[in-house]
Protein chains: 2
Amino acid sequence: MGMNAEADTAALRRGAAEPQGAAPVAGRNLLFLREEELRLAQDLLFFGYRDFTAVADQLLVELNMGRAHHRVLHFVGRRPGITVGDLLAILSITKQSLGRVLQPLVEDGYVVQTPGASDRRQRLLALTDKGAALERRLFERQRETIMRAYREAGPTAVEGFRRVMRGLMGNEARDLLKLLEDEPQDGGRRR
Amino acid sequence: MGMNAEADTAALRRGAAEPQGAAPVAGRNLLFLREEELRLAQDLLFFGYRDFTAVADQLLVELNMGRAHHRVLHFVGRRPGITVGDLLAILSITKQSLGRVLQPLVEDGYVVQTPGASDRRQRLLALTDKGAALERRLFERQRETIMRAYREAGPTAVEGFRRVMRGLMGNEARDLLKLLEDEPQDGGRRR
DNA sequence: CTTATGGGTCAGCATCGTTGACACAAATGC
DNA sequence: GCATTTGTGTCAACGATGCTGACCCATAAG
């Protein structure tokens with residue numbers, strides 16, 4: 001299964017009016033770049049993301065929390081010891097917006113802040129047991145959704161999904177993603 | 001680098017893979033269903049969707065509109081002649097929330113409402129030329145993003161991406177998606 | 001010692017989602 | 001033919017989550 005259709009036909013790129021209707025699927029050159037296919041991608045992203053987030057939202061409502069809380073729990077869980085600054089970069093929100101969500105999470109004992117060892121201005125974030133437990137409950141919901149989608153689609157499709165999703169990101173997001181994927185327990189974030 | 005105990009325990013807790021009891025895909029391992037892989041999926045969806053929507057947001061800000069406006073323009077453009085009720089189902093929001101966005105779009109001449117032929121209570125929605133032009137400008141932005149991702153990933157990956165995204169949706173969303181993919185039911189422009 | 005940086009916080013505002021209640025015209029049922 | 005249901009609009013109030021501007025503190029760096 002060859003991937004990589006690097007050859008870019010300028011005609012297709014510029015959305016030259018492709019024939020609709022009886023488009024042969026056999027050839028599968030760069031047909032997947034037709035306008036209709038790209039519009040479909042918009043739809044897929046909308047519905048997919050909408051339903052993916054919806055499953056966790058149900059639980060959040062019961063806890064009087066919002067999606068913003070979930071995002072914090074998720075990324076702090078992903079990267080225990082993360083700095084506030086890095087978290088802000090990941091979420092792409094302002095300090096004030098984060099504060100409004102983070103503060104209650106700390107007060108309610110879901111997240112702990114500890115001064116950085118090398119830089120005591122930092123407040124390194126981590127989940128408490130309580131926070132980890134909640135994050136896990138939220139994860140279990142989405143896990144079901146993702147697992148079903150992955151299992152039905154199969155490994156090859158999953159690999160393709162990953163490639164496309166990475167491609168949708170900007171360079172900055174790709175770097176942030178690497179941060180999350182790294183194994184080191186306490187990545188030496190230099191400043 | 002001070003060691004972070006919480007990081008270690010969290011990492012350990014996450015380590016174990018657990019192949020679930022479903023029938024294995026013929027001859028293939030299910031490693032892509034490990035917890036770490038599923039967490040990665042969460043990250044990918046977050047960053048991917050975030051950056052995908054961000055490109056259009058820039059333009060929207062200049063026009064004093066929000067993402068909600070874009071969604072309406074998109075789906076009305078996808079389905080000219082769509083009823084208010086169907087649009088509500090697609091967006092999964094309330095009549096009131098839609099009204100706040102739709103009303104200005106109509107007043108500013110981006111969308112037109114025409115009484116239904118068979119049911120005159122309905123207000124069938126369609127884009128005006130002005131609306132179609134705006135929707136196209138927004139689309140062009142996202143088109144670049146999707147096109148790049150698709151081209152870099154290749155046809156096989158794109159097919160996989162589609163399969164996974166469909167799998168993430170609930171049944172209801174899948175039905176709605178079919179509605180959008182159906183042959184255009186006339187009612188307006190098509191480039 | 002001075003300045004830059006990581007982080008917090010107050011005040012106010014915008015967007016976009018919610019519920020509840022009510023209005024009205026047209027379709028539909030009996 | 002009248003009662004009910006349905007499709008849509010709308011008012012009022014509230015909640016979650018973004019934003020900007022301004023200012024503070026503690027610590028790091030030069």
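Chain letters run A, B, ... following the sequence lines, proteins first and then strands; every chain starts at 1.
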Could you tell me how far apart [X] ([atom1]) and [N] ([atom2]) are, to the nearest whole angstrom?
X: B/Leu125; N: D/dG9; atom1: CG; atom2: P; value: 8 Å
X: B/Leu102; N: C/dG17; atom1: CG; atom2: C1'; value: 16 Å
X: B/Leu60; N: C/dT15; atom1: CG; atom2: P; value: 12 Å
X: B/Leu91; N: C/dG17; atom1: CG; atom2: C1'; value: 12 Å
X: A/Arg120; N: D/dC25; atom1: CZ; atom2: P; value: 18 Å

Show every donor-acceptor pair shorter than 3.5 Å between a side-chain atom in residues 91-99 of chain B and any protein atom, with sequence neighbours excluded, or say none if there are none.
from    : atom 1 : to      : atom 2 : distance (Å)
B/Ser92 : OG     : A/Arg50 : NE     : 3.1
B/Ser92 : OG     : A/Arg50 : NH2    : 2.6
B/Thr94 : OG1    : B/Ser97 : N      : 3.4
B/Thr94 : OG1    : B/Ser97 : OG     : 3.2

Inset, instruction - Indicate, with yes or no, if the rings of A/Phe75 and B/Phe46 have centres closer together than 6.0 Å. - result: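 A/Phe75 vs B/Phe46: aromatic centres under 6.0 Å.
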Legend entry - Side-chain (B/Gln142) to main-chain (B/Phe52) donor-acceptor, under 3.5 angstrom: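 Checking the backbone N and O of B/Phe52 against the side chain of B/Gln142, a donor-acceptor pair under 3.5 Å is found.
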Inset, instruction - For the pair B/Arg163 (side chain) and A/Ala157 (backbone), establish whether a donor and an acceptor sit closer than 3.5 Å, ignoring hydrogens and angles. - result: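 Here the side-chain-to-backbone pair does not exist.
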Nucleotides 14-20 of chain D: which of its N/O atoms have a protein N/O under 3.5 Å away?
from   : atom 1 : to       : atom 2 : distance (Å)
D/dT17 : OP1    : A/Arg67  : N      : 2.8
D/dT17 : OP1    : A/Ala68  : N      : 3.2
D/dG18 : OP1    : A/Arg71  : NH2    : 2.2
D/dG18 : N7     : A/Arg100 : NH2    : 2.4
D/dG18 : O6     : A/Arg100 : NH1    : 3.3
D/dC19 : OP2    : A/Thr94  : N      : 2.7
D/dC19 : OP2    : A/Thr94  : OG1    : 3.1
D/dC19 : OP2    : A/Ser97  : OG     : 3.3

Inset, instruction - Please round to 10 degrees the angle between the axis of the first five pairs and the axis of the last five pairs in the helix from C/dC1-D/dG30 to C/dC30-D/dG1. - result: 30°
For residues 164-179 of chain A, please give each side-chain donor-acceptor pair under 3.5 Å, one per line with the distance, not counting sequence neighbours.
from     : atom 1 : to       : atom 2 : distance (Å)
A/Arg166 : NH2    : A/Glu181 : OE2    : 2.9
A/Arg174 : NE     : A/Arg166 : O      : 3.3
A/Arg174 : NH2    : A/Met169 : O      : 2.7

Inset, instruction - Provide the full list of salt bridge (charged side-chain N to carboxylate O under 4.0 Å, His left out) pairs with a residue in residues 52-61 of chain A, sequence neighbours left out, each pair given once. - result: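 Applying salt bridge (charged side-chain N to carboxylate O under 4.0 Å, His left out) to every pair that reaches into residues 52-61 of chain A, excluding sequence neighbours, yields A/Asp57-A/Arg67.
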Legend entry - Distance, nearest 0.5 Å, that separates CD of B/Glu107 from CG of B/Leu102: 9.5 Å
Inset, instruction - May I ask you to say whether B/Arg78 pairs ionically with B/Glu135, meaning some side-chain N is under 4.0 Å from a carboxylate O? - result: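 So B/Arg78 does not pair with B/Glu135 through a salt bridge.
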Legend entry - Side chain proximity check, A/Thr83 to A/Arg123, heavy atoms < 4.5 angstrom: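 Not in contact.
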Inset, instruction - Take the angle between the ring planes of A/His74 and A/His70 and call it parallel below 30°, perpendicular above 60°, tilted in between. - result: perpendicular
I'd like a list of close polar pairs between nucleotides 4-7 of chain D and the protein, N/O only, cut-off under 3.5 Å.
from  : atom 1 : to       : atom 2 : distance (Å)
D/dT6 : O2     : B/Arg121 : NH1    : 2.4

Inset, instruction - In sequence, state the C-alpha distance, the side-chain angles, and the governing distance for B/Arg141 and B/Gln58, and then conclude on side chain to side chain donor-acceptor pair (under 3.5 Å). - result: CA-CA 10 Å; B/Arg141 298 251 177 151; B/Gln58 298 170 349; 3.1 Å; yes
